[in-house]
2 protein chains.
Amino acid sequence: MASRTKKEKENEVPSSPVSMADLARELGVSMTTISRALSDHHSIGPATKQRVLKLAKKLNYQPNHLAAALRKGKSKLLGVIVPYIEGRFFPSVVHGIETAASKAGFSVIMCQSNEDVAHERKSIDTLLSAQVAGILVSLSRTTSDFRHFEKVRKRGIPLVFFDRVLTDDYVNAVVLNDREGAYQSTLHLIEQGCRRIAHFAGPQHLNIYQNRRQGYIEALQSAGIPVDEELIAYFDMSQENGAEEMERLLALPSPPDAVFAAGDSSILGALQYLKNKGVRVPQDIALAGFSNEAFTSITEPMLTSVDQRCEEMGQASVRLFLELMETKGPAFSHRQVVLQPQLFIRESSLHGQAAPSASTPQEEENVQQVR
Amino acid sequence: MASRTKKEKENEVPSSPVSMADLARELGVSMTTISRALSDHHSIGPATKQRVLKLAKKLNYQPNHLAAALRKGKSKLLGVIVPYIEGRFFPSVVHGIETAASKAGFSVIMCQSNEDVAHERKSIDTLLSAQVAGILVSLSRTTSDFRHFEKVRKRGIPLVFFDRVLTDDYVNAVVLNDREGAYQSTLHLIEQGCRRIAHFAGPQHLNIYQNRRQGYIEALQSAGIPVDEELIAYFDMSQENGAEEMERLLALPSPPDAVFAAGDSSILGALQYLKNKGVRVPQDIALAGFSNEAFTSITEPMLTSVDQRCEEMGQASVRLFLELMETKGPAFSHRQVVLQPQLFIRESSLHGQAAPSASTPQEEENVQQVR
DNA sequence: TTGTACGCGTTATCAG
DNA sequence: CTGATAACGCGTACAA
């Protein structure tokens, strides 16, 4: 590529990138000197170091990370696999990840599994081939085992799961305390005077929905309210199905006076159905959702919801990855970070007359290290 | 499903990745043969090829893209720089980019400029150091010149801008026909019988807001309606400011009967203010926004808006990048792709009684090649 | 403090 | 059809 063959128009010809060898030749020193000057090594004369740096600036030298990574066996790339980049949650998490990673000198390679294990598998291979230093992943909906992550572990590459994790597995993970969020939200409804509280549960093979259901149940039990399975609806959390389920619940001999949903879309559907039918929210039925989607403060009434701390999750994932990098030994191979959710109380849940003293959630310790 | 049959054992030792040399040694052939078998070269015996492929599967061989890229001078990485990954627009575009890129065998490195030229500059350097095959970028708000993109051009790396572009520059770009979207939206309001149509314009140093204002003006002129600068508000398109501006407009001696906003948040603020004041939408004042944010179909009334075809924009950007890759010669260095927007007509703009025949936008040719 | 020489894993060139 | 060998750009023992 260095061959100076004269093409048509010289200015149109892309100039080959300048390498350390070029700098060395220009200054009449060895490549080692160049390398040391650029990497701020200790054994290097301040004078020559300045000469090198100056020329590097002048010639617009760009280090070749590929070559460096190949030589050192580790790159400055961080792989991220998410089901998709849409909605509010994943973009926010990725935002947090990219910000934190970039601050630590890592570039982020983004892959979408598209909720498909096959894609997930392929992404793993791609990232391994790209020689990433670590992989952060939120599982696809169709993932039911960890086999394709074995090679990551075998290669000793830090692997961190976030949000969507398979239960009962010894992996590094950053998750929201879904149980706690659901517990608080349900408790809040109880405090508002609700006694027949229905629950929109999601697909139970996902840990997040399982835990939210658990929190719901525990809150009821702690208040001495019996759990009525008739009031628990299992569906895919879509807006349409939320409306349908609301219809079914309303038709019950003894309809609920509140609904706690494991997702915001479903509770939105329910709200729209209720307004359509002239049922007052929150006077007749109180509503609370999960995720704190942007639209929760736009609806009328505004929707009470649990915030998932998306950005913190991204940051925490990167932090965990960096810690795993430090401890070379794979001794600590199953660390868990649990983030505390925030309940945002809005109009839709104010069934009782007394407005809560603090609508703004407490800003205390919201991160908790486990193990 | 915890498959921890063998726990803390030999699996704690990270096994070094298997290379082509390993395969060669194992089979007693040369590395050249391995390379040819894996890259599906023509000069290779079908028998040996199968032997190689089989062993590769067995030993779980992962090609090292870094080494290949170093050797070939070009990687399979595609750099993407966006201002940030939040809201609806950029995540959707990135979604489109990643999907299309992955289909073409490219991995995406994502950077956020954070609306800061300095970050943007740094991202450029990072991506160049990572030896990306191309760069897609949507400019930060604080970018006012192209100097930091010169080195990209100098290195002959395909550079594609999307959405946010500096005007009057000869670059490859994928943009929405903002003027046309604004024109159609304003025309629709005129057809609904509105005559005093206000406009929420954004910061005019950004091409997109400039063009939307232009489309608004042209629509008025084509209908013989004089442009009243008093009805054009310049602010940052936030929800709060939208409400404030609406207040100002209402207080005018001759208030508007419609508002076309260059952004959805601002029109949402206006809507909320109007409902608060008991002004009926769309009977008293018709509203139309821009961006087709998710909340536009949640508000009451639902908001008419112009869709920006986010995903198509991502796909088109990748397509343009791939085309530039093909044509090695930098002859065609300023290609423009203009996407046609879609007007989604919803309740907020139905000022006249006659509902339009087609609420669903026409699905005809929506991509148009220029030059 | 500086220089020499080799290797990281892959592909391209040139012989056989 | 196959094999030996040289590069790609950088880091690092080792020697000077």
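Quick caveat: nothing in here was measured; it's all calculated off a predicted structure. The sequence lines fix the lettering, A, B, ..., with proteins before strands; numbering per chain opens at 1.
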What is the distance, rounded to the nearest whole Å, between atom [atom1] of [X] and atom [atom2] of [N]?
X	N	atom1	atom2	value
A:Q62	D:dC8	CD	P	19 Å
A:M20	D:dC8	CE	C1'	13 Å
B:K74	C:dT11	NZ	C1'	17 Å
A:L66	D:dA7	CG	P	21 Å
A:L38	D:dC10	CG	C1'	11 Å
B:K72	C:dT13	NZ	P	13 Å
B:H41	D:dG3	NE2	C1'	14 Å
B:I34	D:dC1	CD1	P	17 Å

Please check if the side chain of [X] supplies one atom and the backbone of [Y] the other of a donor-acceptor pair under 3.5 Å.
X	Y	result
A:T142	A:V117	yes
A:S92	A:E311	no
A:D163	A:V175	no
B:S113	B:H119	no

Please pick, from [options], the nucleotide with the shortest atom-to-atom distance to any side-chain atom of [X].
X	options	answer
B:S19	C:dT10, D:dA13, D:dT2	C:dT10
B:S30	C:dG9, D:dA4, D:dC10	D:dA4
B:T32	C:dA12, D:dC10, D:dT12	C:dA12

Is there a donor on the side chain of [X] or the base of [N] sitting less than 3.5 Å from an acceptor on the other?
X	N	result
A:S43	C:dT2	no
B:S35	C:dA12	no
B:R71	C:dA12	no

Margin query: Under a 3.5 Å threshold, yes or no: a donor from one side chain and an acceptor from the other, between A:H65 and B:Q131?
Written below: no

Using a 4.0 Å heavy-atom cut-off across all strands, classify [X] as base, sugar-phosphate, or nothing.
X	result
A:S39	nothing
B:T33	sugar-phosphate
B:L70	base
A:I44	sugar-phosphate
B:P63	sugar-phosphate

Notebook entry, point to check: DNA chain D: A:R36 or A:V18, which has the more 5' nearest nucleotide?
Noted result: A:V18

Notebook entry, point to check: Just to confirm, is there a sub-4.0 Å distance from OP1 or OP2 of D:dC10 to any side-chain nitrogen or oxygen of A:Y61?
Noted result: yes

Next item on the list: Verify whether the ring centers belonging to A:F146 and A:F161 lie closer than 6.0 Å.
Entry: yes

